[in-house]
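Here is the structure we will look at, set down as structure tokens.
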There are 2 protein chains.
Amino acid sequence: MAMQIKKPSQGRQKIAITKIPNRSNLQVTFSKRCAGLFKKASELCTLCGVEIAIVVFSPSNKPFSFGHPSIKTLIGRFLSPSPSSFPSSTYSTSSVPQEG
Amino acid sequence: MAMQIKKPSQGRQKIAITKIPNRSNLQVTFSKRCAGLFKKASELCTLCGVEIAIVVFSPSNKPFSFGHPSIKTLIGRFLSPSPSSFPSSTYSTSSVPQEG
DNA sequence: ATGCCTATCGTTAGACA
DNA sequence: ATGTCTAACGATAGGCA
């Protein structure tokens, strides 16, 4: 008889970066990756002494946020930059001019 | 004569998550990790169909931002949530109640 | 500062508890 | 939904161009 030997784990699988069709799978992936994103942000804050604000609207449209030091402070500074460090404009995801 | 054989690369080194003392090294790490953070955010948007806004103030205090669909839209929604999806309050990095 | 390169480290897909 | 486990995938430290 064909006895199936179950492999203990195939480890991480490669996935395409397209919308996950399965709802519960999407939920699990969201939780894991959102946590991963916030961890990366936290590390970047510590390593480089920078300030970061993140807002994520979940699949259920609930806001998750990360802020160091304070998300509201950073939003305020982003919306109305202080004249001393005035950028030419707000940047988008795309390329950004070199650092000072 | 003591001929030094240079290793081609030691690959990625383990580093402690503390402020990087060397200035130029910090700058390089910032660039790489900031790009990595934005890429992760982009993937999360695509995979899970969610909306994300990120603002990073660089070591030189310049604002770098990521926004999908639009960072200003998301900031606005975060600051004044629509009644239909009203959260009890804004959340911080810490734990968040379960998804709907 | 930006890109390429390699070896290695850290993240995470999938399965289960 | 939240944590644990494994193995594989992807990010990235350091070095050089």
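Chain letters run A, B, ... following the sequence lines, proteins first, then strands; residues in each count from 1.
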Item checked: Side-chain touch Val50(B)/Phe57(A), heavy atoms, less than 4.5 angstrom -> no
Note to self: Show every side-chain hydrogen bond (donor to acceptor under 3.5 Å, both in side chains) that has at least one partner inside residues 12-22 of chain A, sequence neighbours left out.
What the structure shows: Asn22(A)-Ser24(A)
Notebook entry, point to check: Taking all non-hydrogen atoms of both residues, which atom of Ile71(A) and which atom of Phe66(A) are closest, and how far apart?
Noted result: CD1-O, 3.9 Å
Next item on the list: May I have the distance from Leu26(B) (atom CG) to dT12(D) (atom P), rounded to whole angstrom?
Entry: 15 Å
Notebook entry, point to check: Axis-to-axis angle across the helix from dT2(C)-dA17(D) to dA17(C)-dT2(D), five pairs an end, to 10 degrees?
Noted result: 50°
Margin query: Can you list, by chain and residue number, the hydrophobic cluster partners of Leu26(A) when the side-chain cut-off is 4.5 Å?
Written below: Ile15(A), Ile17(A), Ile20(A), Leu47(B)
Next item on the list: Could you tell me whether the side chain of Thr73(A) and the main chain of Pro69(A) form a donor-acceptor pair under 3.5 Å?
Entry: no
Notebook entry, point to check: Atom CZ of Phe30(B) and atom P of dA11(D): how far apart are they, to the nearest Å?
Noted result: 18 Å
Notebook entry, point to check: Taking C-beta and beyond as the side chain, do Val56(B) and Ser65(B) meet within less than 4.5 Å on heavy atoms?
Noted result: no
Notebook entry, point to check: Partners of Pro21(A) by side chain to side chain contact (heavy atoms under 4.5 Å, CB included), sequence neighbours excluded?
Noted result: none
Check: What string of B, S and - do you get for nucleotides 7-14 of chain C 5' to 3' if you count protein non-hydrogen atoms under 4.0 Å?
Finding: BBBBBBBB
Check: residues 33-43 of chain A side-chain donor-acceptor pairs under 3.5 Å, at least two apart:
from     : atom 1 : to       : atom 2 : distance (Å)
Arg33(A) : NH1    : Glu43(B) : OE1    : 2.9
Glu43(A) : OE1    : Arg33(B) : NH1    : 2.9

